[in-house]
Amino acid sequence: MVILAQILALFAILFWVISILLKNKKNILLMQVIANGIYGIEYLLLGAFSAASMNFLSFLRLLVYYFYTSLNIKMPKWILFVFIALVLLFGIITYDGLISLLPIIITVLYTYAFWQNNLNVARIIYIVAAIIWIYYNYEVGAYVGIIGNALEITTELISLIKYRGGKK
């Protein structure tokens, strides 16, 4: 199961890195929906249930965000609060020591990052989240994920430079 989890992480990384390099929020969301679903399965196989539940919840959150973006409708603030409440609820259910708090913190950061409309703010938050993921992934044995986090940091920095000043 561990080897399969590492292989799945490679596919998730591919979709995540592609998402970071895109400029259109709708396309970014679509790639991240796929990546989060695959990451959820990876963490499930590793027995990292807090991270698995946060990725599956992120999958759902991104689908909702995708829906609103597709319709070009501003997302209501209450959706942000509903997803943060769900993150906290799932976090309580899957709590397994202090390390399990990290995916919860990261998911709250991601939830806010995409709720607001400035992609450069989102990219900065993603860099912070990727740094936290590196530690978490090391602790739970998601070693391929660490490579993905390093790629994420690199591509986020490239995107920040490439799209500086952009809010799409």
Side-chain angles (χ1 to χ4, degrees), residues 1-22 24-70 79-80 82-115 122-123 125-156 159:
M1 291 297 184
V2 173
I3 293 173
L4 178 58
Q6 305 301 330
I7 292 169
L8 286 173
L10 287 173
F11 287 104
I13 289 165
L14 175 65
F15 285 103
W16 192 265
V17 170
I18 289 169
S19 80
I20 294 166
L21 295 172
L22 299 172
N24 178 284
K25 188 172 183 175
K26 184 178 167 185
N27 293 334
I28 292 169
L29 286 167
L30 183 59
M31 291 297 110
Q32 290 186 3
V33 164
I34 296 167
N36 273 282
I38 297 170
Y39 274 130
I41 296 167
E42 173 209 11
Y43 287 118
L44 196 60
L45 291 172
L46 292 172
F49 299 114
S50 178
S53 69
M54 293 301 116
N55 275 277
F56 291 133
L57 187 56
S58 293
F59 177 88
L60 176 63
R61 181 195 73 231
L62 289 166
L63 282 177
V64 171
Y65 285 16
Y66 182 81
F67 172 76
Y68 275 92
T69 302
S70 295
I79 289 179
L80 171 69
V82 165
F83 276 107
I84 289 175
L86 287 171
V87 167
L88 297 176
L89 175 65
F90 278 77
I92 290 168
I93 292 169
T94 60
Y95 179 80
D96 189 27
L98 290 177
I99 194 73
S100 67
L101 294 176
L102 295 179
I104 298 162
I105 292 166
I106 292 166
T107 304
V108 168
L109 289 172
Y110 282 149
T111 301
Y112 172 74
F114 251 101
W115 173 79
R123 289 179 174 105
I125 292 171
Y126 282 177
I127 290 169
V128 172
I131 292 167
I132 299 169
W133 271 127
I134 287 172
Y135 177 73
Y136 181 83
N137 284 334
Y138 175 78
E139 290 295 318
V140 299
Y143 302 118
V144 173
I146 295 169
I147 297 165
N149 300 133
L151 285 170
E152 182 180 353
I153 292 167
T154 303
T155 52
E156 291 290 1
S159 292

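Scope of the values below: all heavy atoms of this structure, side chains included, with no hydrogens, waters or symmetry mates.
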Can you give me every donor-acceptor pair (side chain of residues 42-53, partner residue at least two apart or in another chain, under 3.5 Å) with its distance?
from, atom 1, to, atom 2, distance (Å)
Y43, OH, N137, OD1, 2.4
S50, OG, S100, O, 2.8
S53, OG, F49, O, 3.3
S53, OG, S50, O, 3.0

N/O donor-acceptor pairs under 3.5 Å from side chains in residues 59-68, not counting sequence neighbours:
from, atom 1, to, atom 2, distance (Å)
R61, NH1, S58, OG, 3.2
R61, NH1, T111, OG1, 3.0
Y65, OH, T111, O, 3.0

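- A ring-ring contact (aromatic ring centres under 6.0 Å, His included) with W16 is found for one member of F11, W133, Y110 and no other, namely Y110.
- Within the 4.5 Å cutoff, side-chain heavy atoms of V87 are placed close to those of M54.
- With sequence neighbours excluded, no residue forms a side-chain hydrogen bond (donor to acceptor under 3.5 Å, both in side chains) with Y136.
- Looking at residues two or more places apart in sequence or on another chain, you find a side-chain contact (heavy atoms from CB on, under 4.5 Å) between L98 and Y95, L101.
- Expressed to the nearest 0.5 Å, how far CD1 of I84 lies from CD1 of I79 amounts to 12.5 Å.
- I38 CD1 to L10 CG: the interatomic distance, rounded to the nearest 0.5 Å, is 10.5 Å.
- Residues L80 and Y112 come closest through the heavy atom pair CD1-CA, 4.0 Å.
- Listed by first and then second residue, the side chain to side chain donor-acceptor pair (under 3.5 Å) pairs involving residues 30-40 are S19-Q32, Q32-Y126 (not counting sequence neighbours).
- In this view, L22 and I18, N27, I28, M31 satisfy the side-chain contact (heavy atoms from CB on, under 4.5 Å) rule, not counting sequence neighbours.
- Looking at residues two or more places apart in sequence or on another chain, you find a side-chain contact (heavy atoms from CB on, under 4.5 Å) between I134 and I146, N149, I153.
- Crowding of I93 atom CD1: a count of heavy atoms from other residues, nucleotides or ligands under 6.0 Å exceeding 12.
- Panel note: side chain E156, backbone I127; no donor-acceptor pair is recorded below 3.5 Å.
- Remark: L109 engages I105, I125, V128, I132 in a side-chain contact (heavy atoms from CB on, under 4.5 Å) (not counting sequence neighbours).
- Here the shortest heavy-atom pairing between A9 and G145 reads CB-N, 4.3 Å.
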Take I99 and Y135 through the test side chain to side chain contact (heavy atoms under 4.5 Å, CB included) and record every step on the way to the result. CA-CA 9 Å; I99 194 73; Y135 177 73; 3.6 Å; yes
